[in-house]
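Below, all heavy atoms of this structure are taken into account, side chains as well, without hydrogens, waters or symmetry copies. All chains are named by letter (A, B, ...) in the order of the sequence lines, taking the proteins before the strands, and each is independently numbered beginning at 1.
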There are 2 protein chains.
Amino acid sequence: MAESESAYAPAHYDRPSVTVDLAIFTVLHKALHVLLVKRRAAPFAGMWALPGGFVHMDESLEDAARRELREESGVEDVYLEQLYTFGDPGRDPRTRVITVAHFALVRAEHQRLRAATDAAAVNWFPAYDPPALAFDHRQILDYAITRLRYKLEYTALAFELLPEEFTLTELQETYEHVLNEQLDKRNFRRKVQQASVLEETGRRRVGEHRPARLFRFREGAVAEVKARRLFP
Amino acid sequence: MAESESAYAPAHYDRPSVTVDLAIFTVLHKALHVLLVKRRAAPFAGMWALPGGFVHMDESLEDAARRELREESGVEDVYLEQLYTFGDPGRDPRTRVITVAHFALVRAEHQRLRAATDAAAVNWFPAYDPPALAFDHRQILDYAITRLRYKLEYTALAFELLPEEFTLTELQETYEHVLNEQLDKRNFRRKVQQASVLEETGRRRVGEHRPARLFRFREGAVAEVKARRLFP
DNA sequence: ACAAAAGTGTTGAGAGTACACCCATGC
DNA sequence: GCATGGGTGTACTCTCAACACTTTTGT
C-alpha cells in the first residue's frame, strides 16, 4: 500500500472532504418511507437531501453515522450498516467530497419521538417515490433500497422496522411494503415458523375483528439464510 | 445532508487522507493467492501490505483503484469491485487515513505479464495463509475473501480467474480452491450445463491422458442466481 | 347475522445431493 | 496393457409455489 508514497499525493494538502450520508428507512402509512432533510445552504438550497455530515477527525465512520442519525432523527440503538462509498469528482459542485453512505432501519414507534424533535425541515417521504434530491442522493437512495430489499430477502431483519410486539399479518405487510410485492399468507407463515425466529408473547392485539396473537423476535435470532448456489 | 454545515467540520482544514487498497486475487499452484507488496517506507517498513495509494483529486474511486492495479500488477481490464471503507481513527499510526478497499480478480495467464514488470518487492501469497500484514490489512483481506467466496457461490464469476479457454475440471478446481472445499464432479457439470453460461470451443486440451474439451464463457453470461429467500 | 381479519394443509414440480462405472488417450 | 484423468445417469429428499375454506371477534 502506498500510504507513504507521498510523491503523487502529499498528505498535507489537496485532501478530499469525507462525509457520511444516511438512508434512514421506516414503514409508515403502509409503505416504505425514507427520512429527508431540507437543505438550508447552497448548493441545492431548499432541496431535499439525505441526512449526513462531515466525519470528525477522531471518530470512526460508524460513530459519525450514529452521531448524524441521533442529530437528525433523534433515534439511537438502531440497525445501521455501511452501504457504499460514492466519490466521483463533481458529485458536489463546490469541492471534492467523498461520502460513505449508510442505511438505517428505525421502528414505526420512533416516528413519534421524531415528531417531537421536529426541526420543521425534516420529513418522511415514500422511498419508492421521493421528491427531487440534491447531489447524487437519488442514486444513493436507489442503491440503498436495492440493498435493503436484498437484505430482507435473506435475513430476518424486518423486526428492525416493527414495534416490540407485532402480529403475523403486520410482519407480512412489512415484508410486502419493503419488497413491493404480495406474499402468500400460508406460505409466509409456514416459512416464519420454520425459521423459528419468533416467540409468542401470549398477548393479543384486540381490535376491530378477531384478535391476533402477538409475537416478538427471539433474542439473538439473526436467521441468515444461505444463498442458493450457482454451483454445488 | 450537512455538507454545508461547516460549523462542526470546516471544509478547509482537518481533512482525512483517502486511499484505495486492493485485494488482487488469482488462482496459482492449486490455491487462491493474493498480491502483496513489501513496504519500503515507515510505518511498517519491510512488512507486506495490500497494494494501494492515495486518491487523486480529479479521479473517481474506481479510477484510482484501476490506476493502482495497473501500477502494481501491470494488469488492465479485469474484474474490480468496491468492497468496504475502513476508516477507524488509528488504523494508520501517522494520521487519519480512510481507505476504500476493493477486490480484483486476475487471470492465471496474467501472472507471466506480472513477472515481467516485477519490482522485486511484489509477490503472490496464499490468500488463506498470508504473512503478517501492515495496518489493518489482514482484516481487509479476510473481508475480501469472505466476499469473494460469497460472490462466487451465487454468480458465475470464476471465469475472471481462468484463461480464455479452460476445461470443466479446471473450472471446478477454481471453484474448489476459492471455496476451499470439494465438489461433486457430476453435480458440478450438470449445474454448469443448466446455467448455460459456457460454450464449447471445439478444441481440446491435449495432455497426458484423455484430451479434455475446452470451453469458454459465453459473452454477457453473468448468470446471477437469486438468493434463497428466508420468506416467500 | 354479518362483515372482516385470523388462522390452517395439501399437492405437484423442480432443485439438491449422494453415489460408481466406462472411455479415451499417453506411455 | 495399464495408469490417469475425462466423461456420464439415477433415485431420494427437500423446498417452492399455488390454492380455499373455517374460525373468531366486533358491531
* Asked: After noting the C-alpha distance and the side-chain angles of B:Phe215 and B:Leu171, does the key distance pass the side-chain contact (heavy atoms from CB on, under 4.5 Å) rule?
  -> CA-CA 9 Å; B:Phe215 293 83; B:Leu171 178 62; over 6 Å; no
* Asked: Run the side-chain contact (heavy atoms from CB on, under 4.5 Å) check on A:Phe159 and A:Leu198 step by step: do they pass?
  -> CA-CA 10 Å; A:Phe159 72 96; A:Leu198 299 189; over 6 Å; no
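Under a 3.5 Å cut-off, the side chain of A:Glu176 and the backbone N or O of A:Leu183 do form a donor-acceptor pair.
Among residues two or more places apart in sequence or in another chain, the salt bridge (Lys or Arg N to Asp or Glu O under 4.0 Å) test is passed with A:Arg147 by A:Glu81. A:Tyr84 meets the ring pair (Phe, Tyr, Trp, His ring centres under 6.0 Å) test with A:Phe86, A:Tyr143; sequence neighbours excluded. Contacts of A:Phe166 classified as ring pair (Phe, Tyr, Trp, His ring centres under 6.0 Å), with partners at least two apart in sequence or in another chain: A:Phe217.
Sorted by first and then second residue, the pairs that involve residues 23-38 of chain B and meet salt bridge (Lys or Arg N to Asp or Glu O under 4.0 Å), not counting sequence neighbours, are B:Lys30-B:Glu173.
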Just the table, please: protein N/O against nucleotides 10-12 of chain C N/O, every pair under 3.5 Å.
unit_1 : atom_1 : unit_2   : atom_2 : d
C:dT10 : O4     : A:Arg190 : NH2    : 3.2

Could you go through nucleotides 25-27 of chain C and list every protein N or O atom that sits under 3.5 Å from one of its N or O atoms, giving the distance for each pair?
unit_1 : atom_1 : unit_2   : atom_2 : d
C:dG26 : O4'    : B:Glu208 : O      : 2.6

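Atom-to-atom, CG of A:Leu168 to P of D:dT23 comes out at 20 Å; the value is rounded to the nearest Å. Counting to the nearest Å, the P atom of D:dT22 and the NZ atom of A:Lys185 are 14 Å from each other. Nucleotide D:dT15 holds its P atom 15 Å from the CD atom of A:Gln193, rounded to whole Å.
A close approach under 4.0 Å does not occur between any side-chain nitrogen or oxygen of B:Lys191 and OP1 or OP2 of C:dA15. Between A:Arg213 and C:dG7, a side-chain N or O to OP1/OP2 separation shorter than 4.0 Å is present.
Counting non-hydrogen atoms under 4.0 angstrom, B:Thr169 reaches the backbone sugars and phosphates but no base.
Screening A:Leu69, A:Thr26, A:Leu35 for a side chain to side chain contact (heavy atoms under 4.5 Å, CB included) involving A:Val75 leaves a single residue, A:Leu69.
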